Student: 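What follows is a single structure, and I will ask about it in a moment.
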Amino acid sequence: MENKQVKTASPYELDGRPHLKIAIPLGLQHVLAMFVGNLTPLLIITAACGIESGGELQVALLQNAMLVAGIVTLVQVYTIGPIGGKLPIVMGTSSGFIGVCRSVAAVSGGGVLGYGAIMAASFIGGLMEMVLGSFLKPLRRFFPSVVTGTVVLSIGLSLISVGIGSFGGGSSAKDYGSLENLFVGAVVLIVIIALKHGTKGFTSFSSILIGIIVGYILVSVMALILPTTFTYVDETGATVEASKAWVLNWAKVAEADWFALPAIMPVKWVFDVKAIVPICIMFVVTAVETVGDISGITEGGLGREATDRELAGGVMCDGIGSSFAAIFGVLPNTSFSQNVGLVAMNKVVNRFCIGIGGIFLIACGLFPKLAALISIMPQSVLGGAAVMMFSSIVVSGIQLITKWPVTPRNVTIISVALGLGYGVGSNTAVLAHMPEAITLIFGGSGIVPAALMAIILNVILPPDQKTEVEVAEEILAIKKKSGSTNSAKKKKKK
C-alpha cells in the first residue's frame, strides 16, 4: 500500500513519485524553461574570448554545459551528504557571471588562455562558496526576509527584460519585434494562460510545455504559408538576406551526432590574481542570490520559509557544482532563477519531476541530436512562456518582503538596494570613470550591487524594536485569541 502511494504522489508534493506520464513532461518543461539560458552565457563569454563560433571547442563546451547542469541538478535535488538543498531546484550556467567574466577576458587578453583564467578562478571560487555554505547557519541573521526578498525581486526585475527580449524574437535578431514574432509569443502566452486557469489536472500544471509545443507547431505551419526570409541593410550599406527568427532550423538537428562523450579539461587553466579576486567576490554575491532563489522556491512553491539545512545545502551545492563545472570547461553553475519562476507559477514542487529534468539534461549532453532539437526553439516561443515565468519571480520577492510588517527601516533597505544598487548595476555607463575593480564587480548585473547594498544596510541600520520572530509570535497570539473568541461566540449562540 505504501509503495503504491509513493508511486502515485501528487506533483504538488515535495516527495514521492508521480506516474512517469506526469513526471516526464513536467521535468521536460523545466529543461525547456532554462535550456537557452543555460547555453547563452557560454556563447557570450566564448565570443568575448575570441573562441570560434561553431568551432570544435565551443561545441564541446556547449555539450558539457548540458551534462554538468543535469548532474549538479540531481545532486541539488537528492543530495550527497550535506551537499544539496533537497528541494526542486534546477541548476545551470549562471548568467550573473557574464559581466565579471567579460571584464576578466578583456584584462587577460582573451583567447583560450583568457578562458582558462576564468576556469581556474571559477574552480577556486566554487570551493570558497562551498566553505561559506557550511557556515551559513550562524550567518543567516544577515539574510532576513527583507534581504532575501529584495534579492529575489532584483532577480525577477533583471529577467523581465530578458523575457520580453525573447518575446520579440531575440534582441539580437534582425527582425526583432516583427509582427510574426510578436504573434508567436502572444499565441504561446494565451495558450499557457488558458490551460493554466481554464483546465485542471495534467493540462493545467503542464501548461508551459504544451504552450511551447503549440509554438513549435505554429511556426512549422507559418513556414508553409509565409515567407521564411527577409532582407535588411547591414552596417556597410549592403543588402543582406536572412532567415526570420521564428523559422525552425532543422538542419542543426540533421547535422548533430547521435552520441558524443564529454571532454574533460578542454582548456588549460591559468591562475591569474586579476581573474581570481573579482570572480571570488562574485561567488559571495551568488551565495546570496542562491539564498534568495531557495527562499523564492519555498515561499512561492511550499508556502513556508527555507530551513537552515536547505539553505546551507543549496549554497554548498552551488559551490561544489561550480568547481565541478570548471573541470569540464563550463562557467559556474548556480540555481536557475527562470525555474524558480516556473515553480512559483505552477506550484509543481515534486523533486522526482525535477530529477527527470536533470536526467534529460544529461541525455542532452550525451546525445547532441536531442539537444539540437531543443536548441532550435525560436526565441519568440520561449518568450511567450518567459514573460509570465520571470514576472512570477518578482511576485515571490514581494511576498517575501511583505511576509512581515513593512517598517520604515525595511522601506529604506528595499528602496536604496533597488534604486541605487540595482539601478547602478543595470546602467553600467554610470561606472565608466570608476576603477576597474569596481566595474568588474558591479558592472555586470543589477543583482550583485542590490544584494550587497541590502546586506550592508541590514547590518548598519538600527534594528526595529521588534524582531521578525517577536512579530510572528504576536500575530500567532492574535490569531489564537481571535479563534477562541469566535468559538466562544458560537457556543453562546447555541
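For clarity, every value in this text was computed on a predicted model and none was experimentally measured.
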Student: Are the side chains of Pro332 and Thr93 in contact, using a 4.5 Å heavy-atom criterion?
Tutor: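 When only atoms from C-beta onward are counted, Pro332 and Thr93 do not touch, as no gap falls below 4.5 Å.
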
Student: How about Phe283 and Phe97: are their ring centres within less than 6.0 Å of each other?
Tutor: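 Distance test on ring centres: under 6.0 Å, yes.
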
Student: For the CG atom on Leu179, are there more than 12 heavy atoms of other groups (residues, nucleotides or ligands in this structure) within a distance under 6.0 Å?
Tutor: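 No, the 6.0 Å shell around CG holds no more than 12 heavy atoms from other groups.
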
Student: Nearest heavy-atom pair of Tyr176 and Ile164: which atoms, and what distance?
Tutor: OH-O, 3.9 Å

Student: How long is the gap from CD on Glu129 to SG on Cys280, to the nearest 0.5 Å?
Tutor: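 Going from the CD atom of Glu129 to the SG atom of Cys280 covers 10.5 Å.
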
Student: Working to the nearest 0.5 Å, report the span between CG of Asn38 and CG of Leu361.
Tutor: 6.5 Å

Student: With a 4.5 Å limit on heavy-atom distance, are the side chains of Pro278 and Val104 in contact?
Tutor: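 Of all side-chain heavy-atom pairs linking Val104 with Pro278, at least one is under 4.5 Å.
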
Student: Decide yes or no on side chain to side chain donor-acceptor pair (under 3.5 Å) for Thr290 and Asp293, but give the supporting numbers first.
Tutor: CA-CA 5 Å; Thr290 298; Asp293 279 343; 5.4 Å; no

Student: Name the one of Val68, Leu61, Leu42 that satisfies side chain to side chain contact (heavy atoms under 4.5 Å, CB included) with Leu331?
Tutor: Leu42

Student: With distance as the sole test, does Asn181 use its side chain to make a donor-acceptor pair with the main-chain N or O of Asp175 at under 3.5 Å?
Tutor: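 Yes, the answer is positive, given that a donor and an acceptor are paired below the 3.5 Å cut-off.
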
Student: Given the rule in the side chain to side chain donor-acceptor pair (under 3.5 Å) test, do Thr229 and Glu241 qualify, once you have shown the distances and angles that lead to the verdict?
Tutor: CA-CA 7 Å; Thr229 60; Glu241 185 178 22; 3.1 Å; yes

Student: Atom CZ of residue position Phe259 - does it have more than 12 heavy atoms of other residues, nucleotides or ligands inside 6.0 Å?
Tutor: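 Enclosed: over 12 neighbouring heavy atoms sit under 6.0 Å from CZ of Phe259.
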
Student: Give the C-alpha distance, both sets of side-chain angles, the deciding distance and a yes or no for salt bridge (Lys or Arg N to Asp or Glu O under 4.0 Å) between Lys244 and Glu180.
Tutor: CA-CA 9 Å; Lys244 293 183 178 180; Glu180 291 112 311; 2.7 Å; yes

Student: Rounded to the nearest 0.5 Å, how far apart are CG of Leu20 and SG of Cys353?
Tutor: 9.5 Å

Student: Answer yes or no: is there a side-chain heavy-atom contact under 4.5 Å between Ile89 and Val77?
Tutor: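 Answer no - side chains too far apart.
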
Student: Does any non-hydrogen side-chain atom of Val315 lie less than 4.5 Å from one of Leu311?
Tutor: no

Student: Would Asn249 and Ser243 satisfy side chain to side chain contact (heavy atoms under 4.5 Å, CB included), going step by step from the backbone distance to the final call?
Tutor: CA-CA 9 Å; Asn249 186 3; Ser243 294; over 6 Å; no

Student: Taking side chain as C-beta onward, heavy atoms only, is Phe123 less than 4.5 Å from Ile118?
Tutor: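 A side-chain contact under 4.5 Å is absent here.
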
Student: So how far is it from Ile354 CD1 to Leu26 CG, rounded to the nearest 0.5 Å?
Tutor: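 Ile354 atom CD1 to Leu26 atom CG measures 8.0 Å (nearest 0.5 Å).
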
Student: Kindly give the heavy-atom pair with the smallest separation between Ile294 and Ala306, and that separation in Å.
Tutor: CG2-CB, 3.8 Å

Student: Just verifying a value: how many Å separate Gln76 CD and Ile83 CD1, rounded to the nearest 0.5 Å?
Tutor: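 So the gap between those two atoms works out to 10.5 Å.
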
Student: With Pro378 as reference, evaluate Val188, Val219, Leu218 under the side chain to side chain contact (heavy atoms under 4.5 Å, CB included) test and give the passing residue.
Tutor: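 When Val188, Val219, Leu218 are each tested with Pro378, the side chain to side chain contact (heavy atoms under 4.5 Å, CB included) holds only for Val219.
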
Student: Can you find a pair of side-chain heavy atoms, one from Val291 and one from Glu310, that are under 4.5 Å apart?
Tutor: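 Val291 does not reach Glu310 side chain to side chain.
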
Student: Out of the candidates Val348, Thr298, Val349, only one should pair with Pro88 under the side chain to side chain contact (heavy atoms under 4.5 Å, CB included) rule; please name it.
Tutor: Val349

Student: So which atom in Ser323 and which in Ser122 form the shortest heavy-atom distance, rounded to 0.1 Å?
Tutor: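 That closest heavy-atom pairing would be OG-O, 4.3 Å.
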
Student: In the structure I gave you, are the side-chain heavy atoms of Trp246 and Gln379 within less than 4.5 Å of one another anywhere?
Tutor: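 SC-SC contact between Trp246 and Gln379 ruled out.
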
Student: Quick one: does any side-chain atom of Ser134 pair with a main-chain N or O of Val131 as donor and acceptor, under 3.5 Å?
Tutor: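 Checked: pair present.
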
Student: Above 12 or not: heavy atoms from other molecules or residues under 6.0 Å from CD1 of Ile80?
Tutor: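 No, CD1 of Ile80 has 12 or fewer neighbouring heavy atoms, counting only those of other groups under 6.0 Å.
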
Student: Could you pull out the closest heavy-atom pair between Cys101 and Ile279, with the gap in Å?
Tutor: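 Taking every non-hydrogen atom into account, SG-CD1, 4.4 Å.
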
Student: Closest heavy-atom contact between Val288 and Ala451?
Tutor: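 In this case the closest contact between Val288 and Ala451 is CG1-CB, 4.1 Å.
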
Student: Are Trp258 and Phe367, when compared by the centres of their aromatic rings, separated by less than 6.0 Å?
Tutor: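 Judged by ring-centre distance (under 6.0 Å), Trp258 and Phe367 do not meet the cut-off.
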
Student: For Tyr216 and Leu248, indicate whether the former's side chain and the latter's backbone hold a donor-acceptor pair under 3.5 Å.
Tutor: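 Judged by distance alone, no pair lies under 3.5 Å.
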
Student: Is there side-chain contact between Met222 and Val184, with heavy atoms separated by less than 4.5 Å?
Tutor: yes

Student: Could you go step by step and tell me if Val240 and Thr231 meet the side chain to side chain contact (heavy atoms under 4.5 Å, CB included) rule?
Tutor: CA-CA 5 Å; Val240 181; Thr231 57; over 6 Å; no

Student: Taking everything shown except Phe271 itself, do over 12 heavy atoms lie less than 6.0 Å from its CZ?
Tutor: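 Atom CZ in Phe271 is packed in, count exceeds 12.
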
Student: What verdict does the side chain to side chain contact (heavy atoms under 4.5 Å, CB included) test give for Met128 and Val284, after you've listed the backbone C-alpha separation in whole Å, the side-chain angles of each residue and the deciding distance to 0.1 Å?
Tutor: CA-CA 8 Å; Met128 184 194 72; Val284 175; 3.7 Å; yes

Student: Work out which heavy atom in Gly85 is nearest to a heavy atom in Thr79; give both atom names and the distance.
Tutor: N-CG2, 4.4 Å

Student: Report the distance from atom OG1 of Thr73 to atom CD1 of Ile356, rounding to the nearest 0.5 Å.
Tutor: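 Here the interatomic distance stands at 12.5 Å.
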
Student: Say whether, by atom type as modelled, one donor and one acceptor occur between the side chain of Asn333 and the main chain of Ser94 under 3.5 angstrom.
Tutor: no

Student: Decide yes or no on side chain to side chain contact (heavy atoms under 4.5 Å, CB included) for Lys86 and Tyr78, but give the supporting numbers first.
Tutor: CA-CA 5 Å; Lys86 212 170 185 179; Tyr78 289 108; over 6 Å; no

